[in-house]
Amino acid sequence: MASVNYDRIFSYFLGSVSDYTIPALEEEDAEAIMTEWLHKAFADPYKRRLFSSFTMDDDTQMITFEFRNKIDDEGDEEFVALIGSKGMVIEWLNPQVKKKTLLSQMFSGKEIKWYSQAQQLGELQSLYDNTYNELRKIIRDRAYISNDYLEGR
């Protein structure tokens with residue numbers, strides 16, 4: 001069985017987002033929030049069906065898994081870190097997209113700058129949709145590549 005440390009996935013996640021509030025939090029609080037996102041990232045059956053066994057241990061901060069169609073340990077570990085971090089990005093974006101008030105209108109000195117909240121919401125929704133579709137594509141491509149049915153062709 002292969003395994004991946006939570007810190008590796010958290011590192012990938014933090015490299016994918018530009019949110020300065022997470023690193024500013026106390027370490028325990030940041031880890032608790034990111035651990036929750038990580039659990040949600042692997043909760044859906046679309047991802048879980050890839051594995052013949054899958055365990056998340058918050059005490060040791062390790063994910064232990066075995067794929068139904070194994071490629072190699074290093075590649076499998078990298079894949080789990082990738083889909084975990086992408087799933088975390090989706091969980092991070094989810095409340096931002098669902099907020100009723102995205103940002104207050106910004107004022108700068110005498111000059112007033114109005115930013116369209118509808119446009120910001122549209123951009124966030126587009127980012128969410130693109131990230132979600134990218135994650136699904138990564139999983140789908142792996143399934144196609146490791147499909148035993150196609151091996152003989």
Side-chain angles (χ1 to χ4, degrees), residues 1-68 70-109 111-142:
M1 285 186 132
S3 62
V4 175
N5 191 306
Y6 285 13
D7 287 337
R8 182 173 176 186
I9 299 171
F10 294 165
S11 174
Y12 284 17
F13 164 72
L14 291 171
S16 299
V17 298
S18 56
D19 185 351
Y20 301 108
T21 58
I22 297 169
L25 295 171
E26 294 289 328
E27 187 176 344
E28 289 178 11
D29 294 337
E31 276 190 21
I33 291 169
M34 290 191 296
T35 300
E36 180 182 339
W37 289 335
L38 184 60
H39 278 273
K40 288 179 181 178
F42 282 108
D44 102 56
Y46 186 72
K47 294 178 203 96
R48 293 300 277 259
R49 72 177 175 82
L50 297 169
F51 305 98
S52 58
S53 71
F54 185 89
T55 307
M56 296 180 77
D57 186 349
D58 292 343
D59 293 332
T60 62
Q61 298 259 305
M62 295 292 287
I63 296 176
T64 307
F65 62 90
E66 191 168 326
F67 277 105
R68 292 187 189 279
K70 182 180 171 154
I71 295 175
D72 63 65
D73 284 345
E74 187 176 323
D76 290 348
E77 290 170 6
E78 190 69 25
F79 183 75
V80 168
L82 177 66
I83 64 172
S85 66
K86 291 265 185 218
M88 287 178 68
V89 170
I90 291 168
E91 293 303 324
W92 171 76
L93 280 169
N94 200 15
Q96 295 182 46
V97 172
K98 291 182 178 177
K99 268 198 259 185
K100 287 186 180 181
T101 308
L102 290 173
L103 296 171
S104 60
Q105 298 296 335
M106 303 190 76
F107 300 95
S108 128
E111 185 179 316
I112 299 175
K113 294 183 181 179
W114 294 96
Y115 295 99
S116 168
Q117 290 180 343
Q119 182 181 1
Q120 289 175 337
L121 179 60
E123 289 176 12
L124 277 173
Q125 184 65 49
S126 177
L127 178 60
Y128 178 87
D129 291 342
N130 289 342
T131 306
Y132 181 81
N133 290 334
E134 183 180 331
L135 176 61
R136 302 279 290 200
K137 181 184 177 298
I138 291 167
I139 293 169
R140 183 188 64 230
D141 289 351
R142 179 188 167 87

Q. Does any non-hydrogen side-chain atom of Glu91 lie less than 4.5 Å from one of Phe13?
A. no

Q) Where is the tightest heavy-atom contact between Phe67 and Leu50, given as atom of each residue plus distance? A) CD2-O, 3.4 Å

Q.
Tell me whether Asp44 is salt-bridged to Arg48, with the criterion being a basic N under 4.0 Å from an acidic carboxylate O.
A. no

Q: Kindly indicate whether the side chain of Leu38, heavy atoms from C-beta on, has any atom under 4.5 Å from the side chain of Ile63.
A: yes

**Q.** Distance, nearest 0.5 Å, that separates CG of Leu135 from OG1 of Thr131
**A.** 9.0 Å

Q. Out of Tyr6, Phe54, Trp37, which one pairs with Phe42 under the ring-ring contact (aromatic ring centres under 6.0 Å, His included) rule?
A. Phe54

Q.
Using side-chain heavy atoms (C-beta onward) and a distance below 4.5 Å, is Asp57 in contact with Thr64?
A. no

Q.
Within the structure provided, determine whether Thr55 and Met62 are in side-chain contact (heavy-atom separation under 4.5 Å).
A. no

Q | From OG (Ser52) to NZ (Lys70), nearest 0.5 Å | A | 10.0 Å

Q: Compare every heavy atom of Asp73 with every heavy atom of Ala2, then report the nearest pair and how far apart it is.
A: CB-OD1, 4.2 Å

Q. How are the rings of Phe65 and Phe51 set to each other: parallel, tilted or perpendicular (split at 30° and 60°)?
A. perpendicular

Q) What are the two closest non-hydrogen atoms of Met88 and Met34, and how far apart are they? A) CE-O, 3.5 Å

Q. Looking only at heavy atoms, what is the nearest atom pair of Asp72 and Gly75, with distance?
A. OD1-N, 2.6 Å

Q: With the side chain counted from C-beta on, respond yes when Tyr46 and Arg140 share a heavy-atom pair under 4.5 Å apart, and no when they do not.
A: yes

Q.
Quick one, Lys40 with Glu36, criterion salt bridge (charged side-chain N to carboxylate O under 4.0 Å, His left out). Give me CA distance, side-chain angles, the key distance, then yes/no.
A. CA-CA 6 Å; Lys40 288 179 181 178; Glu36 180 182 339; 3.2 Å; yes

**Q.** Ionic contact status for Glu78 with Arg8, cut-off 4.0 Å
**A.** yes

Q) Is there a side-chain contact between Leu127 and Val89, using heavy atoms and a 4.5 Å cut-off? A) no

Q) Tell me, do Met56 and Thr35 make a side-chain contact under 4.5 Å, heavy atoms counted? A) no

Q. Do Thr60 and Asn5 touch side chain to side chain, with heavy atoms closer than 4.5 Å?
A. no

Q. Taking atom OG of Ser3 and atom CD of Glu66, what is their separation to the nearest 0.5 Å?
A. 12.0 Å

Q. Is atom OH of Tyr20 surrounded by more than 12 heavy atoms (other residues, nucleotides or ligands) closer than 6.0 Å?
A. no

Q.
Looking only at the side chains, is there a donor atom on one of Asn130 and Glu134 sitting less than 3.5 Å from an acceptor on the other?
A. no

Q: Would you name the heavy atoms of Ile90 and Tyr128 that are closest together and state the gap between them?
A: CG2-CE1, 3.4 Å

Q: Would you check if the side chain of Ser85 reaches a backbone N or O of Ile9 as a donor-acceptor pair within less than 3.5 Å?
A: no

